[in-house]
2 protein chains.
Amino acid sequence: MATIKDVARRAGVSTATVSAVMNDSAFVSPELRARVVSAIRELRYEPSLAARNLRRNRTQLIALAVADLSNPFYARIVWSAEAAVAAWGYSLVLFNSDEKPDTERRILSRIRTLGCDGMVLVPVGAANQYQPHEFDGIATVLLGRSIEGNSADTVTIDNREAGRQAADYLLDLGHRRIGSITGPMQLSTSKGRLDGMIEAMAARGLAPQPGHIRSGEFREEAAYSVARDMMGSPDRPTAIYVANGVMAIGVMRAVADLGLRCPQDISIASTDTVAGAGGLKPRLTRTEHPIADMTNEALRLLVDRIEERVSEPVRSIVFQPALIVGESCMPLRENAG
Amino acid sequence: MATIKDVARRAGVSTATVSAVMNDSAFVSPELRARVVSAIRELRYEPSLAARNLRRNRTQLIALAVADLSNPFYARIVWSAEAAVAAWGYSLVLFNSDEKPDTERRILSRIRTLGCDGMVLVPVGAANQYQPHEFDGIATVLLGRSIEGNSADTVTIDNREAGRQAADYLLDLGHRRIGSITGPMQLSTSKGRLDGMIEAMAARGLAPQPGHIRSGEFREEAAYSVARDMMGSPDRPTAIYVANGVMAIGVMRAVADLGLRCPQDISIASTDTVAGAGGLKPRLTRTEHPIADMTNEALRLLVDRIEERVSEPVRSIVFQPALIVGESCMPLRENAG
DNA sequence: TCCTGATAGCTAATCGTTTCGCTGAAGTCT
DNA sequence: AGACTTCAGCGAAACGATTAGCTATCAGGA
């Protein structure tokens, strides 16, 4: 591989002049410029990013660390993020923390080492696992989940509102014994969604039975076993609000395996987009969030920071969920109540 | 950000010693090592990859360029690849060519500029768009699709066999008028699968009707409209072999929208894992390939090349498909035949 | 003629590592 | 005791770019 020195020698100029030609960073006479350009072409010179990065302290790399790559929700984020990052002229380095705080820690250190210009992080730990200024050295946007008291920019959805919308829908259908299967309680998403649901019930003077509220990992298998347990008991709820898409699939599978029908025997509502939405039967009633918009917005904030068009100290953007009615819920029948 | 010099000063040693401790590249007495380690911890020192890369001419970056990030098949590959890449001590730079040769070209040049140590590529162009030694400068493994006459390592599945298996299954059920909806014919996957299907029919003295063989983009929408067209006509096939998962979803949707039932009115078989396999009803009969294994194998080959444990000039590994029987096919009934 | 200002292009420092080759102390052998 | 190894650890030269600051040239004005 030819270096800038080879080009300089060949063109009979200094490396500074070659650099000036490459970057248009200073005036170079037409004559010299022509010589440099042809030397570049002849030697097939490509500047070394490594050297340039070392000097400029920039890498053109943006890191994205998601919580669980096996979850279609995050796959969707990855898809949007790749497009957005490319459009801004950067490249995307992808990490999967697999919902493990330890893995996340290693990833964060790796991101620092790589010298990524910025990162979009879906944090997996509880708020107290991060220092308030944990991310100060590097442009950071938290996506989907927030960390209380942290100084990074944030893009989230209104989880409370999502829980409220779903619960209100079920309540309007006449359901009174509503359960919820939700994710780990230290996550802002799980907690917010559950709070919203409880709030909606409270607004009508109701409260879920203690055994009808369960939390577990944000995974299909976890939801499956919790659902089997909850639905197997005689005082099972008539409707369930499930906190995310893959869990909803697990719950539907559990319901089917127990010989129950959805929606006839049990109504299921959830939050967040669902795997294979095209083919899932019955189609899930759910609150969706605009994943692509959220991701684009997160990257806009990030690039803003990186390129130092900074304005306020901390910005946070909250997206509103929208209720999408499918076929997984029906009005409460007397015999099921 | 602390540098190696800061650490050296703080520990009262030379930068060479710090480097030796960081990389375990030379013996350092326990005493000095301890001092260095604590200096590193105190200063929160993280080596700069930019500098290291410049010196070593390595980036620890592996690029993955897939054909379509919106396709769950590739999302699954991304998931596996991230894990494998991390396990080998590299980081993953992700690109999406979106099935566009032009985008792919830009991606390849970007990968070169970034100085990635290697790349895994799912090529989107026809074989004649690549030069035989197109990828010679950089360690490369082609995944899923092959390029005839190219000198890069390759990991693929036996597409012919996949088409054959699916068609044989339908033939065994008594179907005779079998159609196929497949992807772009310049891709080795589309062509192989279709060839295998035709071969299986030929082995029983049959051939598909010309109008029953359609190809289009590997996307749900494309498949939907082709399927509506094909299934709307009175001499429609009694069974269809669909060349990939997202297309199968499109076909099922088209069938439902036409008021037909699967499998009673039409049997559907496909190749490749399917979105939301957990929830899709009826479950698709399909040939699957071991995506995780394929991806891991691709990365093993790649790292082999990068770290120059090279052996043969070109290696290619072919995985065999396995037929998974779902509920989307049934024996041919007289009235449908 | 001399001074000044403008400016094209060069020299060399710098970014943060790795690593070659060296030093000097300690150990080993005769 | 003297000669020879060993080897922990150091100093400094790379790696390939960018860029601050300098030099040499030239035009124009006094």
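Below, each value reflects all heavy atoms present in this structure, side chains not excepted, and no hydrogens, waters or symmetry copies. Order of the sequence lines sets the chain letters (A, B, ...), proteins ahead of strands, with each chain counted from 1.
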Colleague: Over 60° means perpendicular and under 30° means parallel, so tell me whether A/Phe135 and A/Tyr130 are parallel, tilted or perpendicular.
Modeller: tilted

Colleague: At a cut-off of 3.5 Å, list every protein nitrogen or oxygen paired with a nitrogen or oxygen from nucleotides 4-7 of chain C, distance to 0.1 Å.
Modeller:
none

Colleague: Would you confirm whether A/Thr59, through its side chain, and A/Gly115, through its main-chain N or O, come within 3.5 Å as a donor-acceptor pair?
Modeller: yes

Colleague: I want to confirm an ordering. Mapping B/Ala26 and B/Arg55 to their closest nucleotides on DNA chain D, which one lands closer to the 5' end?
Modeller: B/Ala26

Colleague: Report yes or no: does A/Glu99 contribute a side-chain atom to a donor-acceptor pair with the main-chain N or O of A/Glu217 at less than 3.5 Å?
Modeller: no

Colleague: Are a donor atom and an acceptor atom from the side chains of A/Arg145 and A/Thr156 found within less than 3.5 Å of each other?
Modeller: no

Colleague: Determine the contact category for B/Thr15: base if any of its heavy atoms lies under 4.0 Å from a base atom, sugar-phosphate if only primed atoms, P, OP1 or OP2 are that close, otherwise nothing.
Modeller: base

Colleague: We want to know whether B/Ser80 and B/Arg76 form a side-chain donor-acceptor pair, criterion being a heavy-atom distance below 3.5 angstrom.
Modeller: yes

Colleague: Taking the side chain as every heavy atom from C-beta outward, state whether A/Leu301 and A/Ile317 have any pair of such atoms under 4.5 Å apart.
Modeller: yes

Colleague: Do A/Ile62 and A/Leu302 have side chains that get closer than 4.5 Å, going by heavy atoms?
Modeller: yes

Colleague: Check A/Arg33 with A/Asp24, please: is the shortest side-chain N to carboxylate O separation under 4.0 Å?
Modeller: yes

Colleague: Taking A/Asn96 for its side chain and A/Ala65 for its backbone only, find out whether a donor-acceptor pair lies under 3.5 Å.
Modeller: no

Colleague: Please check: side-chain N/O of B/Asp153 versus main-chain N/O of B/Val314, any donor-acceptor pairing under 3.5 Å?
Modeller: no

Colleague: I'd like to know if the side chain of A/Thr140 reaches the main chain of A/Ala152, judged simply by a donor and an acceptor atom lying under 3.5 Å from each other, with no hydrogens or angles considered.
Modeller: no

Colleague: Checking B/Thr295 side chain against B/Ile291 main chain: does a donor-acceptor pair fall under 3.5 Å?
Modeller: yes

Colleague: Does the distance from a Lys or Arg side-chain N to an Asp or Glu carboxylate O, for A/Lys100 and A/Asp102, drop under 4.0 Å?
Modeller: no

Colleague: Both B/Leu54 and B/Leu32 contact DNA chain D. Which one's nearest nucleotide lies toward the 5' end?
Modeller: B/Leu32

Colleague: Please give me every residue in residues 45-52 of chain B whose heavy atoms get under 4.0 Å of an atom in DNA chain C, ordered by residue number.
Modeller: B/Tyr45, B/Glu46, B/Pro47, B/Ser48, B/Ala51, B/Arg52

Colleague: Does anyone know the first and last nucleotide of DNA chain D in reach of chain A, 5' to 3', at under 4.0 angstrom to a heavy atom?
Modeller: D/dG16 to D/dT19

Colleague: Is there a donor-acceptor contact under 3.5 Å from the side chain of A/Ser188 to the main chain of A/Ser146?
Modeller: yes

Colleague: Hey, is the main chain of A/Ser109 close enough, under 3.5 Å, to the side chain of A/Thr113 for a donor-acceptor pair?
Modeller: yes

Colleague: Does anything in residues 16-24 of chain A come within less than 4.0 Å of DNA chain C? Heavy atoms only, and list the residues if so.
Modeller: A/Ala16, A/Thr17

Colleague: May I ask you to list the residues of residues 2-12 of chain A, by number, that have any heavy atom positioned under 4.0 Å from an atom of DNA chain D?
Modeller: A/Thr3, A/Ile4

Colleague: Any luck finding a side-chain donor-acceptor pair between B/Arg52 and B/Ser48 under 3.5 Å?
Modeller: no

Colleague: State whether the side chain of A/Arg35 and the backbone N or O of A/Ala11 hold a donor-acceptor pair below 3.5 Å, judged by distance alone.
Modeller: yes

Colleague: Looking at five pairs on each end of the helix from C/dT1-D/dA30 to C/dT30-D/dA1, what is the angle between the two axes, given to 10 degrees?
Modeller: 60°

Colleague: For the side chain of A/Glu42 and the backbone of A/Ala39, is there at least one donor-acceptor N/O pair under 3.5 Å apart?
Modeller: no

